[in-house]
Amino acid sequence: MPIKEKVFECMVKNNMFRKNYVSVINKLSKMLKLNKKVIVNALKDLQQEQAIKFKNNEFANCRELYTGIFTLSGRNDFGYVTINGINKNFYIKNIDNVSNGDTVALYINNDEVFPCGTIQKVVKRNPKNIFGRIIKTNSGKYLFIPDDTISYGKFIKIPQDELAKTSVNKRCTLTLEKFDEITVQTNDSYGTISQVFGLAGDPIVENVVIAKSHGFVKEFRSSIMQEAKLIPNKVLENELKNRLDLRDKKFVTIDPATCKDMDDAVYIEKQPFGYTIYTAIADVGHYVKLNSEIDNEAFRRGTSCYLGDGVYPMLPESLSNEICSLEEKKDRLVKITIVDMDKNGKILNYSINSGVINSKHKLSYNIADDIHFNVNNAQNAYKDIKNEINLMFEASDILVKLRAKRGSLFIESKEPTFKLNETKTEVLDVTDDHSQLKSTKIIESFMILTNEIVGRYFTEHNLDTLFRTHAKPTKSSIDELNAILQVFNFEPIDGSSLSYQKLLKNIKGNKYEDYLTTMILRSMQKAVYQPENIGHFGLASTEYIHFTSPIRRYPDLVTHRILSAYQNKKGYLPTFEQLNEIGKHLSEREQQAQKAEIESNKLMIAMWAENHINEIFSGKISEVLDTGLIVSNGVIEIFIPVYDLSQNKYGSYKLNETKTALVNEKINHQYQIADDIKFKIIGTSRVERKVLATTDLDKVALQTKNTTIDTYEDEITR
């Protein structure tokens with residue numbers, strides 16, 4: 001936030017208008033910890049833009065008072081207000097006395113790049129909209145069961161009307177009418193149904209609710225769709241001016257087979273010195289103009305969100321899957337990095353340009369692997385690009401070795417892929433297909449290279465942007481990890497990336513590898529977007545930016561625009577303070593998408609388990625909790641509560657001091673991390689997004705194949 005806006009916000013928040021000039025200067029200097037001269041200059045700027053005026057030795061507020069709806073960010077330390085008639089979100093930091101959904105009066109700045117405001121008062125309180133479902137109890141009453149029972153209690157009372165009757169077993173949102181700590185404790189909270197989505201347990205409905213509860217929807221407002229229609233669906237001749245024409249180069253895209261939003265295409269040439277690597281990234285900024293309706297909505301979403309029923313996109317389909325997607329055999333506008341690299345991975349030269357390409361092939365990871373290893377005679381089918389694919393594998397290997405040398409961490413994350421039937425109502429299989437394919441390393445290596453090259457460019461030209469930063473682990477996190485390592489007889493680490501890398505090598509193939517990998521990940525901080533470049537610990541990279549996925553990540557689009565503005569000497573150049581606030585919002589949106597994807601995965605696993613009731617599986621204990629075990633079969637994880645452990649009838653299991661085993665001292669038995677274990681699936685609930693399993697293999701299942709259970713109804717009426 002610019003200093004002048006901090007000054008204005010402080011004046012509004014602390015009621016400094018109609019106060020003596022000297023006292024205002026002194027207060028502002030003390031509260032903002034700024035030099036008085038800086039304060040005076042900021043006040044002059046505010047006067048010049050007619051935000052305030054000075055008369056009779058006092059300041060007066062000249063800004064118009066607006067009203068709008070406040071939305072709290074997931075970080076809970078800022079929010080934004082949507083104002084009717086103004087196509088912008090105004091970011092707010094004075095949020096002490098405001099709640100999500102409140103109607104507020106606020107002053108706004110005149111900053112086109114980063115609009116923000118200061119709340120003057122709350123005009124109307126808005127009860128929270130709570131996600132949950134309606135049930136009918138054994139006594140015939142209708143109740144609302146909130147998804148978040150910790151915050152809102154086991155149930156909330158609702159009107160016993162026709163809407164409640166027709167909404168039984170349906171996902172809804174509820175508007176609270178009476179709610180406080182006392183009503184939660186006495187089960188006396190009260191609310192009314194505000195929106196009905198559909199039957200609870202229907203996978204489409206469940207995914208829609210998961211997405212909506214985290215701020216994502218598939219649909220776009222009609223005004224956004226109308227704006228999207230005005231964008232040409234093909235590259236026009238007049239758009240090629242001042243662009244590097246690389247349509248003759250044999251670019252290819254390599255993605256999952258079902259991918260439609262293809263951000264990147266790659267091409268490589270063999271050189272006497274080594275290689276020239278071309279990476280083409282969709283030029284989304286050419287089509288999505290700053291502060292357009294499409295842009296404002298993309299910024300609000302922050303990212304695309306990928307759930308079990310498909311993508312909840314950041315951009316309308318006509319952009320994400322068509323004109324911005326680097327489709328096969330079609331001209332597409334791009335940003336291009338061209339990197340000359342020697343045979344040891346040293347960067348000899350690079351350039352970043354605006355260009356146009358025409359991708360020659362849409363390859364899946366499987367097909368790229370098949371070409372390289374000549375599976376099913378794939379090299380003959382793709383003989384026009386087989387040499388380039390082989391060169392890509394060659395260059396990728398060099399880049400991987402170079403990253404390893406500097407301390408980059410290679411952690412294989414297992415992300416389940418769900419195979420659904422045509423109607424997306426049944427999960428047929430769960431796999432981890434992509435992790436075993438070598439071609440994923442090509443795209444990973446080339447994208448990291450591109451992001452680092454762009455990061456280097458911004459650093460060399462002293463340009464502010466959003467860096468993708470990953471802070472070093474804290475001392476307390478390292479100490480906790482070392483305590484765990486001691487239990488399993490591994491040497492402690494010093495917290496450097498090289499010490500982490502050595503540890504990952506040492507645990508490779510060890511019985512406790514999966515568990516220790518999880519603990520290693522938990523010891524590290526989250527990566528975020530911010531203008532202060534502190535480097536990327538996990539990649540051991542000093543200059544790293546997200547640039548390669550502007551179709552599905554807004555931070556990449558921010559960097560594209562700044563790059564264009566700098567190279568063209570006009571356009572979008574936000575300040576460091578503005579980027580700081582933008583980064584906070586986009587980091588929070590990324591985290592919300594991750595939470596939604598985790599919830600959707602839980603739903604998909606519950607659906608998969610419906611077809612495996614009464615089946616016995618072999619797995620390993622991947623984590624031990626005081627409430628039970630988490631077991632894994634290599635792709636999915638299932639929780640087994642303490643009361644469903646087969647030996648529990650002989651006495652209670654307690655968590656040991658190192659939190660690595662559940663121990664039953666009475667019978668001298670324990671369940672320890674990494675132990676092989678057999679378990680049986682005995683139930684599943686789509687509504688609660690969980691699978692019920694037991695180590696008692698003789699236990700009778702609670703349900704039959706292809707049915708689900710819910711566990712609340714009996715509890716509610718007690």
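The figures that follow rest on heavy atoms only: side chains count, while hydrogens, waters and symmetry mates do not.
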d(Thr465 OG1, His560 NE2) to nearest 0.5 Å is 10.0 Å
Straight-line distance of Phe144 CZ to Leu176 CG, nearest 0.5 Å: 8.5 Å
Are side-chain N/O atoms of [X] and [Y] paired as donor and acceptor at under 3.5 Å?
X      : Y      : value
Lys335 : Ser354 : yes
Ser587 : Lys526 : no
Lys4   : Asn41  : no
Glu532 : Thr469 : no
Asp556 : Ser549 : no
Thr173 : Ser194 : yes

Are the side chains of [Y] and [X] in contact, using a 4.5 Å heavy-atom criterion?
X      : Y      : answer
Cys305 : His214 : no
Met16  : Phe59  : no
Leu307 : Glu597 : yes

Which residues pass the salt bridge (Lys or Arg N to Asp or Glu O under 4.0 Å) test with Lys475, not counting sequence neighbours? Asp479
Is the distance between the ring centroids of Tyr544 and Phe467 under 6.0 Å? no
Can you name the side-chain hydrogen bond (donor to acceptor under 3.5 Å, both in side chains) partners of Thr542, sequence neighbours left out? none
Mind checking side-chain hydrogen bond (donor to acceptor under 3.5 Å, both in side chains) for Asp245 and listing every partner two or more places apart, or none if nothing turns up? Arg247
Check whether Tyr529 forms a cation-pi arrangement with Arg589 (NZ or CZ under 6.0 Å from the six-membered ring centre, at most 45° off the ring normal). no
May I ask you to check if Arg468 and Phe547 form a cation-pi contact, with NZ or CZ under 6.0 angstrom from the six-membered ring centre and within 45° of the axis? no
